[in-house]
*Asks:* 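My questions all concern the structure below.
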Amino acid sequence: MARVARPIPGFAAAGDALLSSLAGVGPRVAEKLATRGLLTLQDLWLHLPRQYEDRTSLTAIRDLRAGVAAQVEGVVEAVERGFRYRPSLRVAIGDESHGTLVLRFFHFRAQQAAQFSPGARVRCYGMPRAGGKGMEMVHPSYRVVGDAGDALGEQLDPVYPAIEGIGPASLRKLIGQALEKLPEAEALELLPASMRDALALPSLRDALLTMHRPPRDADIAALLAGTHPAQQRLALEELLAHHLSLRRQRIALQRHRAPVLAGKGKLAQRLQDALPFALTGAQSRVYAQVRHDLAQPHPMLRLVQGDVGSGKTVVAALAAMLAVEGGRQAALMAPTELLAEQHLVNLRAWLEPLGVRVAWLAGKVTGRARTQVLAAVASGEAQVVVGTHALMQESVAFDDLALAIVDEQHRFGVHQRLALRDKGAGGDSVPHQLVMTATPIPRTLAMAAYADLDVSAIDELPPGRTPVQTVALSADRRPELVERIRAACAEGRQAYWVCTLIDDSDEVIAQAAQTTFESLSAALPHVRVGLVHGRMKAAEKQATMRAFKDGDLDLLVATTVIEVGVDVPNASLMVVENAERLGLSQLHQLRGRVGRGSAVSSCVLLYQSPLSQMAKQRLETMRETNDGFVIAEKDLQLRGPGELLGTRQTGLAAFRVADLARDAALLPRVRTLADQLLADDPALADRIIDRWVGGAARYASA
Ligand code: ADP
Ligand code: MG
């Protein structure tokens with residue numbers, strides 16, 4: 001994002017100064033700072049401590065407690081150097097409390113060792129632990145002080161996130177210098193006084209100084225927990241800036257025109273009439289919202305959240321019919337070939353009987369076939385185009401794209417979504433966008449993450465689905481499970497066996513799946529077993545999936561490639577190995593593969609003992625609920641938003657102070673403040689965005 005230079009008295013002048021204006025910052029240091037996105041004074045102001053060390057007081061050696069960092073002062077009583085296994089230096093110091101503390105060093109220089117002559121007075125800070133004879137500290141920070149001792153610190157010492165190539169002491173000095181240049185409170189402040197007063201928040205200047213140099217009586221527990229008013233003040237402004245930036249993008253989008261799709265909806269009606277089922281109330285409601293949006297002269301930007309199996313595809317198809325009826329094109333993009341093909345199969349079955357022409361474009365469509373598809377897309381002969389990322393390639397030109405639908409949008413980056421949108425841009429007009437996700441995002445998070453989108457929820461499953469029964473079993477009960485699969489398959493039911501590993505490499509996971517496939521095939525001679533994993537050729541994978549779907553296989557051993565969207569109603573048993581290693585949202589996605597038919601389905605989560613506390617909670621949650629929204633909330637609490645949204649949702653991962661899980665309570669307030677600012681003082685809103693989001697954008701691109 002380009003940063004527009006705007007003359008902002010005081011703050012900008014000071015804050016935008018480059019770091020090379022500080023003493024000790026030459027080109028080399030500047031470069032190291034830049035790799036962490038630190039370019040200006042303001043960036044250093046916002047480089048906040050991650051920890052504090054309390055050197056404002058001395059603790060008597062007798063009062064030291066293991067695990068509680070402390071500062072002590074004592075006189076060297078004995079020094080011992082050892083070389084037996086590795087070099088080591090042990091220094092015993094004692095103080096007036098008649099306690100003895102041993103300082104241990106494993107890396108040290110001769111000169112350092114020489115400082116510890118018996119009788120020297122040493123002040124040190126570190127983490128005590130119980131040693132062989134009383135307390136010890138390993139590699140404490142220390143210095144030799146005069147007999148009278150030195151003055152104690154007035155403030156808690158900040159510990160900053162490390163920056164490669166710059167020592168902690170130098171970094172502290174640089175930040176200290178930068179803080180000397182902090183403007184007066186009035187010049188620095190962007191939040192209107194009325195807002196600050198109403199919330200009883202400190203000024204930005206005070207908040208920053210408190211964070212960097214907390215007074216000795218500061219509530220250090222609150223600071224470390226991120227709940228101190230100084231942090232809340234910073235978090236609020238940061239969240240506000242991000243929210244404003246998304247709102248701004250939305251306002252900018254709304255200035256464009258979009259095709260008005262306000263036909264009678266006859267084609268969509270014919271599709272509804274032809275479907276073997278009636279829409280659920282939730283589907284009808286969301287379709288009505290979409291239809292209303294599409295009839296506007298401005299682009300729709302709507303996110304449809306719906307649990308796995310809630311029937312999002314039909315809603316997308318109905319929306320596409322509105323575009324086709326208007327004589328224009330719709331495109332549907334899915335993140336994997338498997339999913340895209342499934343959409344293709346569905347849409348062809350639904351739409352071709354209505355005389356709608358559906359085209360297919362994926363990476364594996366090559367040569368003549370590709371040329372033909374591209375021509376059909378460019379001429380408008382193809383009315384609905386289904387595909388993968390291939391849809392976004394430069395060579396793809398639409399005749400008149402009015403609606404871009406993106407499935408499972410969390411798997412795409414924001415930029416990819418925009419690339420598809422830009423396919424339809426002509427003059428001032430851009431296509432409508434419909435994005436669909438089966439990873440529900442908690443309401444609080446949605447407000448922050450998708451302030452630029454309208455959000456609808458399909459919060460009802462089609463009738464006749466029975467909730468999946470979930471059990472957690474220790475892996476040593478695997479033999480029972482194999483027996484259960486045998487019984488289920490004998491009754492004509494189908495099952496999934498999902499192999500997961502913490503290892504990210506496709507290779508290792510594929511190997512594990514292969515091994516499982518072999519052992520299950522051997523243990524279940526009368527069961528037809530198939531295997532899919534990410535290292536197989538697409539055609540092979542596809543053939544196996546199809547065979548499973550057609551009922552020619554009973555048991556499918558798979559990696560998480562089956563995670564999203566695959567639909568086999570007859571499959572009613574799922575086993576997930578190493579379930580303790582997966583996040584809640586992923587487990588929920590996997591579980592959504594079963595329970596799609598009318599048979600009672602079960603999901604068995606196999607785990608390796610012993611379980612961590614976090615894993616226990618996750619499995620418990622999975623047993624307790626089938627509701628994707630509840631699970632998403634829980635996932636947010638347990639893991640935080642970065643994991644939930646994936647790092648690709650940039651902007652969110654780049655918060656400096658705010659933490660969405662911790663600070664979720666601020667979000668409603670952020671929203672009202674944003675409304676107020678956009679109405680009263682849009683220029684001020686821009687300055688707030690610029691302060692926080694400009695830097696984050698640079699960080700993300702660094
Ligand atoms: P998802 O929201 O996970 O993408 P799908 O669109 O794949 O769900 O729908 C899951 C299954 O439910 C499909 O087989 C679909 O045909 C079916 N389905 C969708 N809507 C209904 C409905 N209203 N009644 C019955 N079945 C439906
Ligand atoms: Mg789907």
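Residue numbers run from 1 in the order of the sequence given. Bear in mind that the values here come from a model prediction, so they are computed numbers and not experimental data. For the numbers below, each heavy atom of this structure counts, side chains included, while hydrogens, waters and symmetry mates do not. Atoms within a ligand are numbered from 1 in the order they appear, just like the ligands themselves.
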*Asks:* Is Lys264 paired with Glu325 through a side-chain N to carboxylate O contact shorter than 4.0 Å?
*Replies:*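 Looking at Glu325 and Lys264, the cut-off is not met.
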
*Asks:* So, for Leu339 and Ala334, which heavy atoms are closest and what is the spacing to 0.1 Å?
*Replies:*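 Smallest interatomic distance, heavy atoms only, reads CB-CB, 4.0 Å.
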
*Asks:* Run down the list Pro462, Gly311, Ala278 and name the one with the heavy atom closest to atom 23 (N) of ligand 1.
*Replies:*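 Selected option, by shortest heavy-atom distance: Ala278.
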
*Asks:* Do ligand 1 and Gln283 have nitrogen or oxygen atoms that lie under 3.5 Å from each other?
*Replies:*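 Between Gln283 and ligand 1 (N or O atoms, distance only) the closest approach is under 3.5 Å.
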
*Asks:* Here's a test for you: under salt bridge (charged side-chain N to carboxylate O under 4.0 Å, His left out), which of Arg348, Lys364, Lys541 qualifies with Glu341?
*Replies:*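 Single pass found, and it is Lys364.
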
*Asks:* Geometry only, no angles: is Trp350 polar-contacting ligand 1 at N/O separations under 3.5 Å?
*Replies:*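 Trp350 vs ligand 1: no N/O contact under 3.5 Å.
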
*Asks:* Which of the numbered atoms in ligand 1 are below 4.0 angstrom from a heavy atom of Thr280?
*Replies:*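 Result: 23 (N).
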
*Asks:* Salt bridge check: are Asp454 and Arg250 linked by an N-O gap of less than 4.0 Å?
*Replies:*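 Answer for the salt bridge query: yes.
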
*Asks:* For Asp554 and Ile485, indicate whether the former's side chain and the latter's backbone hold a donor-acceptor pair under 3.5 Å.
*Replies:*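 It does not hold such a pair.
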
*Asks:* Is there any N or O on Phe277 that sits under 3.5 Å from an N or O of ligand 1?
*Replies:*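 No, since none of the N or O atoms of Phe277 sits under 3.5 Å from an N or O of ligand 1.
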
*Asks:* Which option wins on minimum heavy-atom distance to atom 2 (O) of ligand 1: Gln342, Lys312, Glu460?
*Replies:*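 Minimum heavy-atom distance to atom 2 (O) of ligand 1 goes to Lys312.
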
*Asks:* Taking only heavy atoms of Leu279 into account, list the atoms of ligand 1 that are under 4.0 Å away from them.
*Replies:*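 That gives atoms 23 (N) of ligand 1.
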
*Asks:* For ligand 1, which atoms have a heavy atom of Ser310 less than 4.0 angstrom away?
*Replies:*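 Taking each heavy atom of Ser310 in turn, ligand 1 has 2 (O), 8 (O) under 4.0 Å.
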
*Asks:* Do we see a donor-acceptor contact under 3.5 Å between the side chains of Arg591 and Thr470?
*Replies:*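 Distance-only check passes for Arg591 and Thr470.
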
*Asks:* Could you tell me, atom by atom, which parts of ligand 1 come under 4.0 Å of a heavy atom of Thr313?
*Replies:*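 So the answer, numbered in order with elements, is 4 (O), 5 (P), 6 (O), 7 (O).
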
*Asks:* Using heavy atoms and a 4.0 Å limit, tell me yes or no: is Gly306 in contact with ligand 1?
*Replies:*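 Not so, Gly306 does not reach ligand 1.
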
*Asks:* Under a plain distance cut-off of 3.5 Å, with no hydrogens placed, do His432 and Asp293 share a side-chain donor-acceptor pair?
*Replies:*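 There is no such pair (donor and acceptor under 3.5 Å, judged by atom type) between the side chains of Asp293 and His432.
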
